[in-house]
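Have a look at the structure below, then the notes.
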Amino acid sequence: MQTVITPEIKNLLNRAQQAAETAYAPYSHFQVGAALLLADGSVSCGCNVENASYGATVCAERVAVFAAVAAGKLSPAQSPQMLTVTALPCALCLQVLAEFAKPDMPIWIVGKQGVNGGQPQHFLLKDLLPHAFKL
Ligand code: THU
């Protein structure tokens, strides 16, 4: 596992933090940003988008995934290389990621407001979701 924060990882962490700035979170006031490094080297960003009907809220990670699928750049055959996100991904988002990503995809977490002393934490997708649902 890559545990050193390379310039590429640092850049992707910055992209997630920038994406959090555009979050629409008037209910929770908890802004989240995600940046997904795609197979072709491009980056798909997402932020959480809340709704007055709370269950209609979509997390930042899924916005990034769905935007990449809609752009024709993400599929099981075009697995993403890495995810950075400003909060620990929820299980629903991990399941959505597992549809397209390999179990050993790195996930870097960087708190928006200096969570973990501002020190990014890294995991693999399979660390956070060891038993993804499969049909
Ligand atoms: N949220 C995300 O965007 N990603 C996660 O993985 C966890 C939760 C959002 C959803 C909601 O807008 C806010 O954080 C509070 O739950």
Side-chain angles (χ1 to χ4, degrees):
M1 195 192 326
Q2 173 63 268
T3 57
V4 175
I5 303 175
T6 63
E8 185 184 43
I9 294 170
K10 181 75 189 143
N11 178 55
L12 207 64
L13 289 165
N14 287 340
R15 294 287 299 270
Q17 288 175 312
Q18 284 167 13
E21 299 302 319
T22 59
Y24 177 73
Y27 305 105
S28 74
H29 303 289
F30 189 77
Q31 294 180 289
V32 184
L36 191 63
L37 181 61
L38 303 176
D40 70 354
S42 64
V43 177
S44 179
C45 291
C47 61
N48 52 330
V49 182
E50 297 189 345
N51 190 272
S53 178
Y54 293 176
T57 292
V58 185
C59 294
E61 298 91 322
R62 278 178 290 147
V63 170
V65 166
F66 297 157
V69 172
K73 294 182 171 187
L74 180 60
S75 69
Q78 301 164 287
S79 291
Q81 302 183 49
M82 191 188 315
L83 174 75
T84 61
V85 58
T86 65
L88 270 165
C90 76
L92 189 56
C93 288
L94 291 169
Q95 177 68 35
V96 168
L97 285 161
E99 185 77 23
F100 303 107
K102 300 206 169 90
D104 60 356
M105 181 187 74
I107 298 179
W108 283 83
I109 317 292
V110 61
K112 191 169 165 276
Q113 279 107 11
V115 175
N116 196 34
Q119 195 57 35
Q121 292 176 281
H122 57 88
F123 302 91
L124 302 181
L125 176 57
K126 67 185 177 192
D127 296 332
L128 299 178
L129 187 69
H131 303 288
F133 174 74
K134 294 265 187 326
L135 269 183

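Atoms within each ligand, like the ligands themselves, are counted from 1 in listed order. All heavy atoms count here, side chains included; hydrogens, waters and symmetry mates do not. We number each residue from 1, following the sequence as shown.
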Given 3.5 Å as the limit, does a donor-acceptor pair link the side chain of Thr84 with the main chain of Leu12, or not? yes
Can you tell me which residues line ligand 1 if we count any heavy atom under 4.0 angstrom from one of its atoms, in chain and number order? Ser28, Phe30, Val32, Asn48, Glu50, Thr57, Cys59, Ala60, Glu61, Leu88, Pro89, Cys90
Using the rule that two of Ile, Leu, Val, Met, Phe, Trp, Tyr join whenever any of their side-chain heavy atoms come within less than 4.5 Å, decide whether Phe66 and Leu92 are in one cluster. no
Is Thr86 reaching over with its side chain to a backbone N or O of Val32, donor-acceptor style, under 3.5 angstrom? no
Does one side chain, of Asn51 or Ser53, offer a donor that lies under 3.5 Å from an acceptor on the other? no
Among Cys93, Pro89, Cys47, find the one that has a side-chain contact (heavy atoms from CB on, under 4.5 Å) with Cys59. Cys93
Is any side-chain heavy atom of Pro80 less than 4.5 Å from a side-chain heavy atom of Met105? yes
